[in-house]
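Notes to accompany the following structure.
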Amino acid sequence: MKLATVGTSWITDSFLDSYLSLENAVLQAVYSRKQERARFFAQKHGAHTWYDSLAQMAADASIDAVYIASPNALHEEQAALFLQNGKHVLCEKPMAMTKKGMERLYALADREKRVYCEAIMALHNPDLPLVQSALRRLGKIRSASLDFSQLSSKYPAFLRGERPNIFLRELGGGCLMDLGIYNVYLAYLLFGQPDFISAESVFLPNRLADACGAALLQYSDKIVTLTYSKTAQSRIPSQILGDSGALTIESVSQLGEVILIDSEGQRQTLCRPRTRKELMAFEALDFMRYTEGGYLYAPYDQARKAALAVSGIMEKIRHSARGFGF
């Protein structure tokens with residue numbers, strides 16, 4: 001697969017380290033708003049073509065697919081441009097700011113017979129089925145608490161009066177869109193669509209973006225609590241509690257170290273932490289398989305259903321939590 005990239009941050013660096021470790025993976029081109037930055041990034045990763053024009057790169061017939069890791073608010077229109085030009089698209093989360101936007105892009109992808117896929121580590125982690133099957137060993141599950149609170153490396157800059165992209169509402173920043181989406185994905189993958197959703201958020205000064213938040217997903221037989229923050233660091237694992245045991249999950253985004261604890265307190269490690277390089281390679285490999293299998297390929301269809309469901313849940317959380325403006 002001949003891939004192009006949009007975005008030159010650490011996440012694209014990490015993705016390319018993983019992608020280029022795979023068989024038949026080629027970095028064909030790189031885009032950045034600044035020509036010199038595009039050239040440096042392309043040469044760093046072995047590409048011979050770089051652009052400072054998205055339209056020109058989208059028109060490049062040598063490119064099969066594109067990986068998008070730009071600010072959140074830009075994802076939808078950039079993905080549309082590449083799909084319209086016949087490219088498959090792997091996009092960092094969230095692929096679109098609204099479910100309507102995501103539905104629009106899936107319709108476009110289907111029309112162009114191309115794959116449009118969200119980069120979510122837990123979804124593509126081969127340990128996910130182990131976690132899903134382990135739920136049966138917990139007995140009756142009544143509650144779960146999934147947390148992703150990670151102190152942002154950009155928070156000190158914000159406190160100094162700077163305006164990092166990740167804290168800008170107009171760029172789709174904030175903790176729900178950046179971190180909370182992982183909680184929502186895992187809740188959906190483990191428990192399905194909730195019956196009712198309520199949420200609240202705390203916003204940064206001048207309401208730039210949400211600093212932290214919580215959502216309550218109610219099912220007919222259980223309650224799942226989601227918490228997320230970019231202004232504090234979590235120190236304890238997430239938990240799923242049943243009347244015959246519990247699961248602890250060290251990382252909801254990566255499924256790092258999942259431990260089953262039975263009713264007698266005996267512990268069994270189901271999954272051990274994987275490196276980011278491994279996890280992003282799983283994403284890239286699934287994406288390549290989707291493009292080879294075709295846009296009607298069953299595993300791709302399952303990933304699409306999950307992405308649409310999660311987008312809908314995220315939208316309901318924003319509508320419930322007072323203060324969101326999109």
Side chain His88, main chain Val115, donor-acceptor under 3.5 Å: yes
Any donor-acceptor pair under 3.5 Å from Glu283 side chain to Met121 backbone: yes
For Phe167, is there any backbone N or O sitting under 3.5 Å from a side-chain donor or acceptor partner on Lys154? no
State whether the side chain of Asn125 and the backbone N or O of Gln254 hold a donor-acceptor pair below 3.5 Å, judged by distance alone. yes
Cut-off 3.5 Å, side chains only: do Gln239 and Thr248 have a donor facing an acceptor? no
Could you please spell out the steps behind the side chain to side chain contact (heavy atoms under 4.5 Å, CB included) verdict for Thr98 and Arg318? CA-CA 10 Å; Thr98 64; Arg318 294 198 304 274; 4.3 Å; yes
Does NZ belonging to Lys2 count more than 12 external heavy atoms closer than 6.0 Å? no
Rounded distance (nearest 0.5 Å) linking atom CD1 of Ile11 with atom OG of Ser70: 12.5 Å
side-chain contact (heavy atoms from CB on, under 4.5 Å) filter on Asn24, not counting sequence neighbours, yields none
Looking only at atom types and distance, does a side-chain atom of Ser320 sit under 3.5 Å from a main-chain N or O of Lys316, one as donor and one as acceptor? no
Ignoring hydrogens and geometry beyond distance, is a side-chain donor-acceptor pair present between Ser238 and Asp147 at under 3.5 Å? no
Would you kindly say whether Gln84 and Arg114 are connected by a side-chain donor-acceptor distance under 3.5 Å? no
Donor-acceptor contact below 3.5 Å, side chain Ser21 vs main chain Ser18: yes
Identify, with sequence neighbours excluded, every residue that meets salt bridge (charged side-chain N to carboxylate O under 4.0 Å, His left out) alongside Arg104. Glu76, Glu77
Side chains of Ser234 and Gln150 only: does a donor on one sit below 3.5 Å from an acceptor on the other? no
Is it true that a side-chain atom of Lys87 and a backbone atom of Asp60 form a donor plus acceptor pair closer than 3.5 Å? yes
Would you say Tyr228 and Asp210 are linked by a side-chain donor-acceptor pair, where the criterion is simply a distance under 3.5 Å? no
Any side-chain to backbone donor/acceptor pair from His48 onto Gln28? Under 3.5 Å, distance only. no
Candidate list Arg33, Arg39, Gln35, Lys34, test side chain to side chain contact (heavy atoms under 4.5 Å, CB included), partner Arg37, passing option: Lys34
Can you check salt bridge (charged side-chain N to carboxylate O under 4.0 Å, His left out) on Asp262 and Arg137, steps first, answer last? CA-CA 8 Å; Asp262 67 21; Arg137 299 169 64 182; over 6 Å; no
Does either side chain, that of Glu292 or that of Tyr297, offer a donor lying less than 3.5 Å from an acceptor on the other one? no
Would you compute the distance between atom OH of Tyr31 and atom CD of Gln78 and round it to the nearest 0.5 angstrom? 7.0 Å
Looking at Tyr67 versus Phe15, is the centre-to-centre ring distance below 6.0 Å? yes
Verify the ring-centre separation between Tyr116 and Tyr106: is it less than 6.0 angstrom? yes
Check whether His75 reaches the backbone of Glu92 with its side chain - one donor and one acceptor, N or O, closer than 3.5 Å. yes
Gln132 side chain to Leu189 main-chain N or O, any donor-acceptor pair under 3.5 Å? yes
